[in-house]
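Dropping the structure in here first, questions after.
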Amino acid sequence: MATLSDRDIIALSTKGELIAEEFKDESVTPNGYDLRAAVLRIDGEDLDGGVVPPNKHFLVATLEYLKLPEDVMGQIWVRSSYARRGVIGSFGAVDAGYHGTLTLSFFHSGTEGFSINRGDRIAQIVFHRMESLPEKSY
């Protein structure tokens, strides 16, 4: 399994693959892509942004629409700027062949509230090319 570089991410996204909608050059990192918040959900209420209080579970839908090739999967990591505030993320792998936006699950274990607004970079996705095609794709 090989990790896709910034060059790979840009080339695939330019062709309408990997990140098919809402791609932004500024979100590309040397070995990944910073996913941006579209909708924040706290206590069952969808917000276009807002303050996340301490000791709260919250969900963030991404702006980006993914269109992963059949031989590429993704791993998601909380951005360190949020981790330093006490934000913990619970993520699974993004299956090869997945198409759609993501809804990410977080818990704020810190002591002070913080803001998340539409377009804020909340997590990084790292893409890996698999050594062979899966028997069954997503």
Next on the checklist: Could you check whether any side-chain heavy atom of L104 comes within less than 4.5 Å of a side-chain heavy atom of T62, counting everything from C-beta outward?
Outcome noted: yes
Checklist entry - Ring centres of H108 and Y82 under 6.0 Å apart? => result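 Centroid distance H108-Y82: not below 6.0 Å, so no.
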Checklist entry - For Y98 and K67, what are the C-alpha separation, side-chain angles and deciding distance, and is it a side-chain contact (heavy atoms from CB on, under 4.5 Å)? => result CA-CA 6 Å; Y98 175 79; K67 190 174 178 186; over 6 Å; no
Checklist entry - L68 and D95: which non-hydrogen atoms are nearest, and at how many Å? => result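 What the structure gives for the nearest pair is CD1-O, 3.4 Å.
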Item to check | Distance (rounded to the nearest 0.5 Å) between D43 CG and F58 CZ | outcome: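 It comes to 12.0 Å.
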Checklist entry - Do S109 and V87 come within less than 4.5 Å of each other through their side chains, counting heavy atoms only? => result no
Next on the checklist: So L102 and I76, do their side chains get closer than 4.5 Å, heavy atoms only?
Outcome noted: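 A side-chain contact under 4.5 Å exists here.
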Checklist entry - Quick one: are F91 and F106 in side-chain contact, heavy atoms under 4.5 Å? => result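 When only atoms from C-beta onward are counted, F106 and F91 do touch, with a gap below 4.5 Å.
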Item to check | Minimum-distance pair of heavy atoms, taken over all atoms of V60 and A37 | outcome: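 Heavy atoms only, the tightest pair is CG1-CB, 3.5 Å.
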Item to check | Linked, directly or transitively: L63 and I9 (ILVMFWY side chains, under 4.5 Å) | outcome: no
Checklist entry - Atom CG of L35 and atom CZ of R79: how far apart are they, to the nearest 0.5 Å? => result 10.5 Å
Checklist entry - With side chains defined as the heavy atoms from C-beta onward, is the minimum distance between L4 and L12 less than 4.5 Å? => result yes
Next on the checklist: We want to know whether S81 and R85 form a side-chain donor-acceptor pair, criterion being a heavy-atom distance below 3.5 angstrom.
Outcome noted: no
Checklist entry - Who pairs with S90 by side chain to side chain contact (heavy atoms under 4.5 Å, CB included), at least two apart in sequence or on another chain? => result none
Next on the checklist: Nearest 0.5 Å, please: how far is CE in M130 from CD in E70?
Outcome noted: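 Rounded to the nearest 0.5 Å, the CD-CE separation comes to 8.5 Å.
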Checklist entry - Is the closest side-chain heavy-atom distance between V52 and I116 below 4.5 Å? => result yes
Next on the checklist: Once rounded to the nearest 0.5 Å, what's the spacing between atom CZ of R36 and atom CD of E64?
Outcome noted: 4.5 Å
Checklist outcome for this item: Heavy-atom nearest pair, G110 first then P54, reads O-CB, 3.1 Å
Checklist outcome for this item: So CG of D71 and OG of S132: to nearest 0.5 Å the spacing works out to 9.0 Å
Next on the checklist: More than 12 heavy atoms of other residues, nucleotides or ligands under 6.0 Å from CD of E112: yes or no?
Outcome noted: no
Without placing hydrogens or testing angles, list every side-chain donor-acceptor pair under 3.5 Å for residues 118-127, not counting sequence neighbours.
{"unit_1": "R118", "atom_1": "NH1", "unit_2": "A38", "atom_2": "O", "d": "3.2"}
{"unit_1": "D120", "atom_1": "OD2", "unit_2": "N117", "atom_2": "N", "d": "2.8"}
{"unit_1": "R121", "atom_1": "NH1", "unit_2": "D34", "atom_2": "OD2", "d": "2.8"}
{"unit_1": "Q124", "atom_1": "NE2", "unit_2": "T29", "atom_2": "OG1", "d": "2.8"}

Checklist entry - Judged by atom type as modelled, is there a donor-acceptor pair below 3.5 Å linking the side chain of Y33 to the main-chain atoms of K24? => result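 Such a contact is found between Y33 side chain and K24 backbone.
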Item to check | Check: L18 and L66 side chains under 4.5 Å, non-hydrogen atoms | outcome: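 L66 vs L18: side chains apart.
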Item to check | Nearest heavy atoms of H57 and S105, plus distance in Å | outcome: NE2-OG, 2.9 Å
Item to check | Shared hydrophobic cluster, F107 / L40 (ILVMFWY, side-chain heavy atoms < 4.5 Å) | outcome: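 Hydrophobic grouping puts F107 apart from L40.
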